[in-house]
**Student:** 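This is the structure I have questions about; it appears just below.
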Amino acid sequence: MSTQWDVVVVGGGLAGITAARDLKQRGFNTVVLEASDRLGGRTYTIEDEGCTVELGGTWIYWNQPFIWAEKERYGLAIEETPGCVAEHIAIHRGDRIEALAADEVGEFMAGFDVFFSEAIKVWERPYDAKHSWEAIREREAITVADRMASLALTPLQKAAIGGFLEILSMSAPSSASYVEMMRCYALCGWNTTVFKDTAARYKFADGTGALVDAMVRDGGFDVRTSSPVTAVNQQGDGISVQTANGDIHHGRLGVITVPMNVMNSVAFHPPLSPIKQEAADVKHAGGGSKVFFVVKGDPGPVMTLARSADSALIGSFTYHRGEHQSLLAGFSLEPDALDKSVEEWQSIFNDYLPDLEILRTFGHPWGTDPLSQGSWCSYRPGTVTRFAEALPLTEGKLFFASGDHGDGWRGFMEGAIASGSQTAMAVLKTLSRD
Ligand SMILES: Cc1cc2nc3c(=O)[nH]c(=O)nc-3n(C[C@H](O)[C@H](O)[C@H](O)COP(=O)(O)OP(=O)(O)OC[C@H]3O[C@@H](n4cnc5c(N)ncnc54)[C@H](O)[C@@H]3O)c2cc1C
């Protein structure tokens, strides 16, 4: 089968859906080719015993202008995550696990101020890295581990800030970039409460799936699911995109949105620029697993925090409360996190929340999923300025949109929608000129 389009969008996550909607609504014949049998990419809403659960992207905040505008535009409700404002926080402090006492909250939060003390200088404008380019470049080889080691933090701060940043980067402190963490903090107005709440407080009541559905319905673009793209060729008058089932889609222009970590699964002719190729080879460091724990009864709003050096569970908190059973969301950097038995997890939780009874666990294997090969994007130390600048650049008739690149909220759903929207405008400019 051979079809002609104005624009062929490769990948149906939030970046691809946004670009396709914006282009179709301006009258251009647009198709999204998605490898999986569903849209949404690294957002994935399921129903589990009547509870809406996000296996992937979840939390949003009003400091994220693009996704908040979508929420408002489509009238989507949000709800709070109980454990983000926990009444009981058990922290692994190296040699012991203890609940955070009321008079320790200030010490915990002050640790962020110490860790991020130069964020306002280094990221004075988090949407404009060029504004303080040299300050960012000077520090981009520094890892989170380096920064932690250089500071006089208390044992509580080392454990709590360390665990929190391992979740935010979804990687070990030795692979996590200090400037990337600072960028996230700067995007939250250099404010610790906003930083914490942006990470995990507000989520879509009906799931990110409701946002994806609303955008697809509104967009009216064509969609081909179960259509993995194997090759993208540029020729004089346009592009041709081949799928694994042998279909060829011709387009005047293309928008590539496949995640950085799986870019190598598509053959590009001519090849991608050396720096895009390097990024596809080096990959981002965001790995780990989000694990859900179905527990008996209602534990109330609880949270646990630890460093991966101390525990398989770097963090967990109440996701949904129910009278008979509740749900906790947890994070782990261990490769076998989703394969651990209930008994194994139970013995880990016993040290933190001894009254908790785990009934079952589940999650999506983003790290081994061939369509993501990782979780959210977290650039490796030493790659930040080069990749951030080069990955969004147009190459011939191919445009690139992704939550894995661009200024601002890179690594978040916000970044994907922003990138999709900005790329659609760039594509429109070229289409209107040709
Ligand atoms: C566990 C987890 C938790 C997260 N939590 C949050 C959060 O709380 N808040 C937040 O803002 N962000 C979060 N994120 C990050 C956020 O989900 C992503 O940054 C965002 O969804 C990326 O969107 P995207 O469109 O750029 O990429 P993707 O969603 O990955 O979309 C790319 C699409 O390309 C498809 N594809 C891949 N290869 C091919 C191919 N060869 N041919 C055709 N299609 C292909 C994929 O199947 C996918 O649908 C989380 C991510 C994960 C994994």
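Counting starts at 1 for both ligands and their atoms, in listed order.
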**Student:** Among all protein heavy atoms, pick the one closest to atom 26 (O) of ligand 1 and tell me residue, atom and distance.
**Tutor:** G403 N, 2.7 Å
**Student:** Heavy-atom distances under 4.0 Å are what count here, so tell me which part of L33 touches ligand 1: side chain, backbone, both or neither.
**Tutor:**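 The backbone, only.
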**Student:** Of the listed options (I256, V229, V241), which comes nearest to atom 42 (N) of ligand 1 when hydrogens are ignored and any heavy atom counts?
**Tutor:**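 The residue whose heavy atom sits nearest atom 42 (N) of ligand 1 is V229.
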**Student:** Side chain or backbone, does A15 bring an N or O within less than 3.5 Å of an N or O on ligand 1?
**Tutor:**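 Yes, there is a polar N/O contact under 3.5 Å.
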**Student:** Return yes when L55 approaches ligand 1 closer than 4.0 angstrom through a heavy atom, no otherwise.
**Tutor:**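 Contact present.
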**Student:** Assess the side chains of S177 and E140: does a donor N or O sit below 3.5 Å from an acceptor N or O?
**Tutor:**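 On atom types as modelled, these side chains do not qualify, holding no pair under 3.5 Å.
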**Student:** Of V258, V9, T230, which has the heavy atom at the shortest distance from atom 37 (C) of ligand 1?
**Tutor:**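 Nearest heavy atom to atom 37 (C) of ligand 1 lies in V258.
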**Student:** If you define the side chain from C-beta out and look only at heavy atoms, does anything of Q242 sit under 4.5 Å from H249?
**Tutor:**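 SC-SC contact between Q242 and H249 ruled out.
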**Student:** Would a distance-only check, ignoring hydrogens and angles, find a side-chain to backbone donor-acceptor pair under 3.5 Å from K196 to N191?
**Tutor:** no
**Student:** Only heavy atoms count here, so choose which of Y61, Y202, W376, F331 is nearest to atom 2 (C) of ligand 1.
**Tutor:**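 Looking at heavy atoms only, the winner is W376.
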**Student:** Can you tell me how far the CG atom of L33 sits from the OG atom of S226, to the nearest 0.5 Å?
**Tutor:** 11.5 Å
**Student:** Would G286 count as a contact residue for ligand 1, given that I'm defining contact as a non-hydrogen atom of the residue lying under 4.0 Å from a ligand atom?
**Tutor:**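 Contact absent.
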**Student:** Backbone, side chain, both or neither: what part of F412 comes under 4.0 angstrom of ligand 1, heavy atoms only?
**Tutor:**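 It is both parts that get close, each with some atom under 4.0 Å.
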**Student:** Against ligand 1, does G12 come closer than 4.0 Å with any heavy atom?
**Tutor:** yes
**Student:** Suppose we measure from atom 5 (N) of ligand 1 to each protein heavy atom; which comes out shortest, and what is that distance?
**Tutor:**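 I find the closest protein heavy atom is G57 CA, 3.3 Å.
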**Student:** Do the ring centers of F164 and F195 come within less than 6.0 Å of each other?
**Tutor:**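 Yes - the distance between ring centres of F164 and F195 falls below the 6.0 Å cut-off.
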**Student:** When you measure from atom 21 (O) of ligand 1 to every protein heavy atom, which one gives the shortest distance, and what is it?
**Tutor:** T43 CG2, 3.8 Å
**Student:** Which of parallel (below 30°), tilted (30 to 60°) and perpendicular (above 60°) describes H92 and Y352?
**Tutor:** tilted
**Student:** Which residue owns the protein heavy atom closest to atom 34 (O) of ligand 1, what's the atom, and how far is it?
**Tutor:** G11 CA, 3.3 Å
**Student:** For R42 and ligand 1, does the shortest N/O to N/O distance drop below 3.5 Å?
**Tutor:** yes
**Student:** Would you mind telling me if ligand 1 is within reach of the side chain of A35, the backbone, both or neither, using heavy atoms under 4.0 Å?
**Tutor:** both
**Student:** Can you sort out which atoms of ligand 1 are near P228, meaning under 4.0 Å from one of its heavy atoms?
**Tutor:**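 That gives atoms 42 (N) of ligand 1.
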**Student:** Which protein heavy atom lies closest to atom 49 (O) of ligand 1, and at what distance to 0.1 Å?
**Tutor:** E34 OE1, 2.6 Å
**Student:** Taking the side chain from S175 and the backbone from S171, do they hold a donor-acceptor pair closer than 3.5 Å?
**Tutor:** no
**Student:** Tell me if the centroids of the rings in F317 and W59 come within less than 6.0 Å of each other.
**Tutor:** yes
**Student:** Can you sort out which atoms of ligand 1 are near T257, meaning under 4.0 Å from one of its heavy atoms?
**Tutor:**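 What qualifies from ligand 1 is 32 (C).
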**Student:** Got the closest protein heavy atom to atom 24 (P) of ligand 1, with its distance?
**Tutor:**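 Here the closest protein heavy atom is A416 CB, 3.9 Å.
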**Student:** Distance alone, cut at 3.5 Å: any donor-acceptor contact between the side chains of S227 and E34?
**Tutor:**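 No, no side-chain donor-acceptor pair sits under 3.5 Å.
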**Student:** So if I count the atoms of ligand 1 from 1 in the order they appear, which ones are less than 4.0 Å from some heavy atom of V266?
**Tutor:** 41 (N)
**Student:** So W409 and F412, would you call those rings parallel, tilted or perpendicular, with 30° and 60° as cut-offs?
**Tutor:** perpendicular
**Student:** Determine whether the aromatic ring centres of residues W190 and Y185 are separated by less than 6.0 angstrom.
**Tutor:** no
**Student:** Checking the N or O distance criterion of under 3.5 Å, is ligand 1 in contact with W59?
**Tutor:**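 Such a contact does occur with ligand 1.
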**Student:** Hey, do the aromatic rings of Y44 and H364 have their centres closer than 6.0 Å?
**Tutor:**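 Under 6.0 Å, so yes.
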**Student:** Please check if the side chain of W133 supplies one atom and the backbone of T385 the other of a donor-acceptor pair under 3.5 Å.
**Tutor:**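 Judged by distance alone, no pair lies under 3.5 Å.
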**Student:** Show the atoms of ligand 1 that are less than 4.0 angstrom away from any heavy atom in S375.
**Tutor:** 53 (C)
**Student:** Can you report which non-hydrogen protein atom sits closest to atom 15 (C) of ligand 1, along with the distance?
**Tutor:**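 Result for atom 15 (C) of ligand 1: G411 O, 3.4 Å.
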**Student:** How many angstroms lie between NE2 in H284 and OG1 in T383, if you round to the nearest 0.5 Å?
**Tutor:**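 Rounded to the nearest 0.5 Å, the NE2-OG1 separation comes to 11.0 Å.
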**Student:** Going by the atom numbers of ligand 1, which of them fall below 4.0 Å from some non-hydrogen atom of G40?
**Tutor:**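 Checking each atom against G40, I get 29 (O).
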**Student:** Which is closest to atom 7 (C) of ligand 1 by heavy-atom distance: T225, T58, L14, I167?
**Tutor:** T58
**Student:** Y202 ring centre to K71 NZ or CZ under 6.0 Å, with the angle to the axis within 45°?
**Tutor:** no
**Student:** Considering heavy atoms of the protein only, find what lies nearest to atom 31 (O) of ligand 1 and give residue, atom and distance to 0.1 Å.
**Tutor:**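 Of every protein heavy atom, G13 CA, 3.3 Å lies nearest to atom 31 (O) of ligand 1.
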**Student:** Counting from 1, what ligand 1 atoms have a heavy atom of S402 closer than 4.0 Å?
**Tutor:** 26 (O)
**Student:** Would you say the ring centroid of F293 lies under 6.0 angstrom from that of Y319?
**Tutor:**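 Aromatic pair excluded; centres sit 6.0 Å or further apart.
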**Student:** When you measure from atom 16 (C) of ligand 1 to each heavy atom in E414, M413, R224, which option holds the nearest one?
**Tutor:** M413
